[in-house]
Amino acid sequence: MSDEPLTLENLPADLREEYQNLITGTVDVLPAEDLLQRLLRARTEGRPLRAKLGVDPTAPDIHLGHTVVLRKLAQFQAYGHTAVLIIGDFTAKVGDPSGRSKLRPRLEEETIEKNAATYVEQAAKVLDMDRVELVRNSDWLSPLKMDDVLRLSAVVTVARMLERDDFAKRYAGNEPISMLEFMYPLLQGYDSVAVRADVELGGTDQKFNLLMGRNIMDAYGLEPQSVMTVPLLAGTDGTQKMSKTYGNYVGVNEAPEDMFGKIMSIPDRLMVTYWTLLTGAPYREIEDVQRRLDKGAYHPATAKRDLAERITSLYHGSAAATAAREHFDRVFRERELPENLAEAALPAEALKDGKVWLPRLLNLTGLAASNGEARRLLEQGAVRVNDRVITESEAELSPEEVRGAVIQVGKRRFLRISA
RNA sequence: GGGGGGAUGCCCGAGUGGCCAAAGGGAGCAGACUGUAAAUCUGCCGGCGAUGCCUACGGAGGUUCAAAUCCUCCUCCCCCCA
């Protein structure tokens, strides 16, 4: 390395562009100048960087929140670096305490295997899997002997562990912390040793673990990795992080119309964030969108529809994305019926004495979760039969009125009863 | 090993014998307004064709006409001392 101070200005233009794009949408790049140094060195030595991402297959499906870091990794790939994707089949059994306020239940191996398979399959929607170095951490973690584990545990002190936010909170709040959880950051750090990472990516909740990796690499005689964190993506509610448990997620396998619709429901203030984190767009484009929105030259509603179409097309192709946009405009802007109505037969159980008891029908067809909920929806004017609002909670209709009718509950639930 | 505190509905949290399907808040759902945005207002928010019945206050028993509330045992968590 030269002694010359390293600044953006004295970098070759294309390297500067690469760096700018890589750090776009990140929260931390630590230590500050480290990544820049490495990129420069990679260039001069003709050796691509090894960018590590470890994921624990703890969830059966992945959603847009998971793709943020995957896109970042894909960006490294696009610049010719090596994406090292570690399936944490071993660490999944330990359970990452990051951001947890509770003990995480340990997973069965069978579940882990299944999750791992779907994860890889879905990650392929973002990464170029042919060029990914795909490994499992059980390969090197399982064979460790007690001696090795002890050596590893000696690297860190308990006080250092308790500096961690989530541990500190739980400790202060009289919540349990198991020794097992203390092991987690050590194992993740050991992964970095095993794959000789140049840079490790992760969510901001991973910062402690990522930095721990540096300590551990150092203790094992390796140059500590750079650390890059990306924000946790806020869910469609705009407040909580995107997560299945909060029901504010957009799954990568969702139907184009649902994906489009869910993205439309995010608060405006999240638009640029989504644009940055979910589209893989270069930073210049992001800046441009931001500028036009600020000037009022880009109507928020249009921008959001463009965004939704853009993201949808990444997972379903542009034809399906365009169709999803048309569907959306039709149903929600023009307030017309969707073009492909779901259809269901009139269930026999809904009939009594030759009448159709509406609450029961709504329940049976899945438009309401129970008869009681159906009644409530009716009382609140949320139910339409052939565009006629029915507010009578015990409404009984004749079969003729119901057959072939379109039933709408709320703004988005539609069903046609077969004739 | 000893002593003390705690577990309530999706989440937080009140409730210490009947008035408790359980206050309040959050989340959620629905209506109005809109751009399925934000903000705001309003209503709902266990199940059952239902002036009643069933399920539910960590689990199992018990006391009582009556238990989320009292007793016994169990499970789990936390704190203090060692």
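Below, read A as the first sequence line, B as the second, and so on, with proteins coming before strands; counting in each chain starts at 1.
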Residue Q380(A), side-chain atoms from C-beta onward, closest of rG35(B), rG43(B), rG49(B):
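Out of rG35(B), rG43(B), rG49(B), the nucleotide with an atom closest to Q380(A)'s side chain is rG43(B).
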Is there a Watson-Crick or G-U wobble partner for [N] with both distances under 3.5 Å, and which nucleotide is it?
{"N": "rU64(B)", "value": "none"}
{"N": "rC41(B)", "value": "rG31(B)"}
{"N": "rA56(B)", "value": "none"}
{"N": "rU69(B)", "value": "none"}

Using whole Å, what does the distance between atom [atom2] of nucleotide [N] and atom [atom1] of [X] come to?
{"X": "E394(A)", "N": "rA50(B)", "atom1": "CD", "atom2": "C1'", "answer": "9 Å"}
{"X": "L367(A)", "N": "rA30(B)", "atom1": "CG", "atom2": "P", "answer": "12 Å"}
{"X": "L270(A)", "N": "rA37(B)", "atom1": "CG", "atom2": "P", "answer": "14 Å"}
{"X": "N363(A)", "N": "rG49(B)", "atom1": "CG", "atom2": "P", "answer": "9 Å"}
{"X": "L364(A)", "N": "rC48(B)", "atom1": "CG", "atom2": "C1'", "answer": "14 Å"}
{"X": "N248(A)", "N": "rC11(B)", "atom1": "CG", "atom2": "P", "answer": "17 Å"}
{"X": "R384(A)", "N": "rG31(B)", "atom1": "CZ", "atom2": "C1'", "answer": "11 Å"}
{"X": "F414(A)", "N": "rU36(B)", "atom1": "CZ", "atom2": "C1'", "answer": "11 Å"}

**Message:** Give me the distance, rounded to whole Å, that separates rG35(B) from rA27(B) when you measure between the P atoms they each carry.
**Reply:**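 Going atom to atom, P in each nucleotide, I get 24 Å.
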#### Entry: Residues in contact with RNA chain B, drawn from residues 370-379 of chain A - heavy-atom cutoff 4.0 Å
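Nucleic-acid contacts, sorted: S370(A), N371(A), G372(A), R375(A), R376(A), L377(A).
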Requested in this report: Under 4.0 Å from any atom of RNA chain B, heavy atoms only: list the residues of residues 314-336 of chain A that qualify, in numerical order.
Outcome: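 F328(A), F332(A), R333(A), R335(A), in order of number.
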Requested in this report: Tell me, please, whether Y220(A) has R151(A) positioned over its six-membered ring: NZ or CZ under 6.0 Å from the ring centre and within 45 degrees of its axis?
Outcome: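 Yes, R151(A) and Y220(A) form such a contact.
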Counting primed atoms, P, OP1 and OP2 as sugar-phosphate and everything else as base, the B/S/- map of nucleotides 21-28 of chain B against protein heavy atoms under 4.0 Å is --------
| request: Assign the ring pair H63(A) / Y249(A) to parallel, tilted or perpendicular, where the plane angle (0 to 90°) is split at 30° and 60°. | output: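 Ring orientation, 0 to 90° scale: tilted.
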Using 30° and 60° as the class limits, which term best fits the ring planes of H327(A) and F332(A): parallel, tilted or perpendicular?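 Perpendicular, since the angle between the ring planes exceeds 60°.
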Which part of the nucleic acid, if any, lies within contact of [X], taking any heavy atom under 4.0 Å across all strands shown: a base, the sugar-phosphate backbone alone, or nothing?
{"X": "E396(A)", "answer": "base"}
{"X": "P267(A)", "answer": "sugar-phosphate"}
{"X": "G261(A)", "answer": "base"}
{"X": "K304(A)", "answer": "base"}

From [X] [atom1] over to [Y] [atom2], what is the distance, rounded to the nearest 0.5 angstrom?
{"X": "L233(A)", "Y": "N248(A)", "atom1": "CG", "atom2": "CG", "result": "9.0 Å"}
{"X": "L358(A)", "Y": "R360(A)", "atom1": "CG", "atom2": "CZ", "result": "12.5 Å"}
{"X": "M259(A)", "Y": "K262(A)", "atom1": "CE", "atom2": "NZ", "result": "9.0 Å"}
{"X": "W357(A)", "Y": "E349(A)", "atom1": "CH2", "atom2": "CD", "result": "13.0 Å"}
{"X": "L211(A)", "Y": "K207(A)", "atom1": "CG", "atom2": "NZ", "result": "7.0 Å"}

Salt bridge flag under 4.0 Å for residues [X] and [Y]:
{"X": "R131(A)", "Y": "D128(A)", "answer": "yes"}
{"X": "K355(A)", "Y": "E396(A)", "answer": "no"}
{"X": "R160(A)", "Y": "E163(A)", "answer": "yes"}

| message | Whether K411(A) contacts rG31(B) is assessed here as follows: a side-chain N or O lying under 4.0 Å from the phosphate OP1 or OP2. Is that the case? | response |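 Checking rG31(B) against K411(A), a side-chain N or O does come within under 4.0 Å of OP1 or OP2.
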Apply the side chain to side chain contact (heavy atoms under 4.5 Å, CB included) test between M242(A) and each candidate in V68(A), L64(A), L232(A); give the one that qualifies.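 Filter result, single survivor: L64(A).
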Quiz prompt | Nearest heavy-atom neighbours spanning V199(A) and F76(A) | solution =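 Closest heavy-atom pair between V199(A) and F76(A): CG1-CE2, 4.1 Å.
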Between R269(A) and R413(A), which has a closest nucleotide on RNA chain B that is more 5'?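 Its nearest nucleotide lies further toward 5', so the answer is R413(A).
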